[in-house]
Number of protein chains: 2
Amino acid sequence: MGRTVTFDQNEAIEKALDVFWKKGYNGASLRDLTDAMKINSSSFYNTLGDKHQLFVQCVKHYTHKRRVLLEQRAGTYDSPRAALEGFIHDVAAVVIKDAHGCFAIKTAFEVSPDDKRIQALLKEDNNFTRTFLSTLIRSAVDQGEMADETDAELLADYIISTYTGWYELHLLHQDPVKINKLAAFTARQVLH
Amino acid sequence: MGRTVTFDQNEAIEKALDVFWKKGYNGASLRDLTDAMKINSSSFYNTLGDKHQLFVQCVKHYTHKRRVLLEQRAGTYDSPRAALEGFIHDVAAVVIKDAHGCFAIKTAFEVSPDDKRIQALLKEDNNFTRTFLSTLIRSAVDQGEMADETDAELLADYIISTYTGWYELHLLHQDPVKINKLAAFTARQVLH
DNA sequence: TATTTTTTGAAGTGATTGTTTCAGAATTGG
DNA sequence: CCAATTCTGAAACAATCACTTCAAAAAATA
C-alpha cells in the first residue's frame, strides 16, 4: 500500500462551498477553489474529480446540512402550530444572516435550467421541505390547531415561495426590519 | 462626416439580453454576445463599451420594458381591486412563460452582492413595483374595496416576495398548475 | 467625384480558464 | 529497511477569456 490522503475531504468541500456560494458556479475559478481548499490541483483531480463533481458535492453538502438542522429544530417545539411559527421566524433569521442569500435558490437561478443533475438535487431538497411543512400542517389540523379545510400541500408551497422572496428583498435592501415584518405577517396569514 | 453605424443598437441590446438571461453574466462570453448581436467585437467596443456596460444596458432595458408593460396593463382595469387581482394573475402567466426565470431576480442573486451599480438598478426597479402596488392598495382602501387598517407598504412587499418564489418553484418543477394555484391562493389572501 | 471621417473585419493581445503531466516526496506493508 | 504504491507540488497544456490593433472598406460632406 502507498501513501494515504492527508487532507480532510469534508473540510475541503465546506471551503469550496463558501467560494461557490459567494461567487457562483461560473464566477468561481478552479484557482479560487483550490486556494480556499488549500490543496494542489493534482490532488483535487485525483480525489474529488472535476469542477462540476465538486459542485455537486457542495450542493449535496448544503442541502444535507439544512435538512439535519430542520429536523433538529422541529423536535424542540411542543405543538405543530408552534413548530410552524418557529420555522417561519427561523427562516427570517437565516435570511438576515446569510450575506449572499440562500445557496440553493442562487443555484436554482444560475445553473438549474441547463444542469439536470443539479436541478434534480434542488428539486429533491425542495420536495423534502414541502413534505416537512405539509406534515406539520396536517398534524396541526388533526390536533384542531388549524382549520379543517386547510390544503396542506398548497399552504406548504405558499410558505416556501414566500420566503424565497425574502432572500431577494434582503439582497437588494439589506433591511432586517422589513424581513422580520414580512415574517410576522406571513405567520399571521398562515396561522390566522 | 464619415460612415454611420449600420446596426441597430437597441436591437443588439435585446439580443444580448437574451444571452445574459439564459447564461447569466459570468456564463455569457463575449463571443456568445457578439455572435447573437451579429456585430464584430471592434464595433462592439467602439459603440457599446465593454461587457459590463452592455450588461448595465440590458438590465436597464429589461426593467424599463417591464415598467412600461406594468403601466399599460394597469390602465385597463376599472377598479384598484381588480387591477391588483389582474396583476397577480399576470405575474403568474409571466412566470409560467419565462423559461429561465425573471432576469432581475436571477441577476439579483448572481451579481448584485458584489456589483453596486447593478444592485442600485435592481433596487430602483423593486422600489417602483412596490410604489405601484402600494398606491393601488391605498386606492382600494380609499374606495372601500379593502379594509381600512391595511398596511399598504407591507402588503406590497408581501406580494413581491411571494411571486419571487414562484419563479424558483417553476424553475425546479415546471408545473403551471402549481403556479396558478399559488396565484389564486395569494389573490384570495391579499384581497380576502 | 474627391476627401474626410468613421466603421468594420480579421487577426492578435496577454491573461486566465479547466485540466494534465510527471518526477520526487511520502507512507505504507512485507 | 526495502520495495511497492500513492500522493503531492510545480510546471505546462490547449482553449478560451475580455479586449485591442490596424489596415481597408464604406459612407457622408463638399
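Just so it is clear: chains get the letters A, B, ... in the order the sequence lines come, proteins before strands, and each one is counted from 1. Side chains are part of it too, since the values below use all heavy atoms of this structure and drop only hydrogens, waters and symmetry mates. Quantities reported herein were computed from a predicted structural model and do not represent experimental measurements.
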Inset, instruction - Kindly assign one of parallel, tilted or perpendicular to the pair B/F132 and B/F87, based on the angle between their ring planes and the thresholds 30° and 60°. - result: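 Taking B/F87 first and then B/F132, their aromatic rings sit tilted (interplane angle of 30° to 60°).
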Legend entry - Pair A/R66 + A/D125: basic N to acidic O under 4.0 Å: yes
Inset, instruction - Look at A/E153 together with A/R138 and state whether they make a salt bridge at an N to O cut-off of under 4.0 Å. - result: yes
Given atom [atom1] of [X] and atom [atom2] of [N], what is their separation to the nearest angstrom?
X: B/H52; N: D/dC17; atom1: NE2; atom2: P; value: 19 Å
X: B/Q53; N: D/dC19; atom1: CD; atom2: C1'; value: 13 Å
X: A/L30; N: D/dC17; atom1: CG; atom2: P; value: 16 Å
X: A/N26; N: D/dC17; atom1: CG; atom2: C1'; value: 13 Å
X: A/R31; N: D/dC17; atom1: CZ; atom2: C1'; value: 13 Å

Legend entry - DNA chain D contacts among residues 32-51 of chain B, heavy-atom distance under 4.0 Å: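 B/S41, B/S42, B/Y45, B/D50, B/K51, in order of number.
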Legend entry - B/S29 side-chain N/O to D/dT16 phosphate OP1/OP2 under 4.0 Å: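 B/S29 to D/dT16 OP1/OP2: no side-chain N or O under 4.0 Å.
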I'd like a table of donor-acceptor pairs (distance under 3.5 Å, sequence neighbours excluded) in which one partner is a side-chain atom from residues 15-26 of chain A, with atom names and distances.
| unit_1 | atom_1 | unit_2 | atom_2 | d |
| --- | --- | --- | --- | --- |
| A/W21 | NE1 | A/G101 | O | 2.7 |
| A/K23 | NZ | A/D32 | OD2 | 3.4 |
| A/N26 | ND2 | A/E110 | OE2 | 3.3 |

Inset, instruction - Taking side-chain contact (heavy atoms from CB on, under 4.5 Å) as the test, write out the residues that go with A/A92, two or more places apart. - result: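 Per chain and number, A/A92 pairs via side-chain contact (heavy atoms from CB on, under 4.5 Å) with A/W166, A/I179, A/N180, A/A183.
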Legend entry - Heavy-atom donor-acceptor pair, B/R130 side chain to B/D157 backbone, under 3.5 Å: no
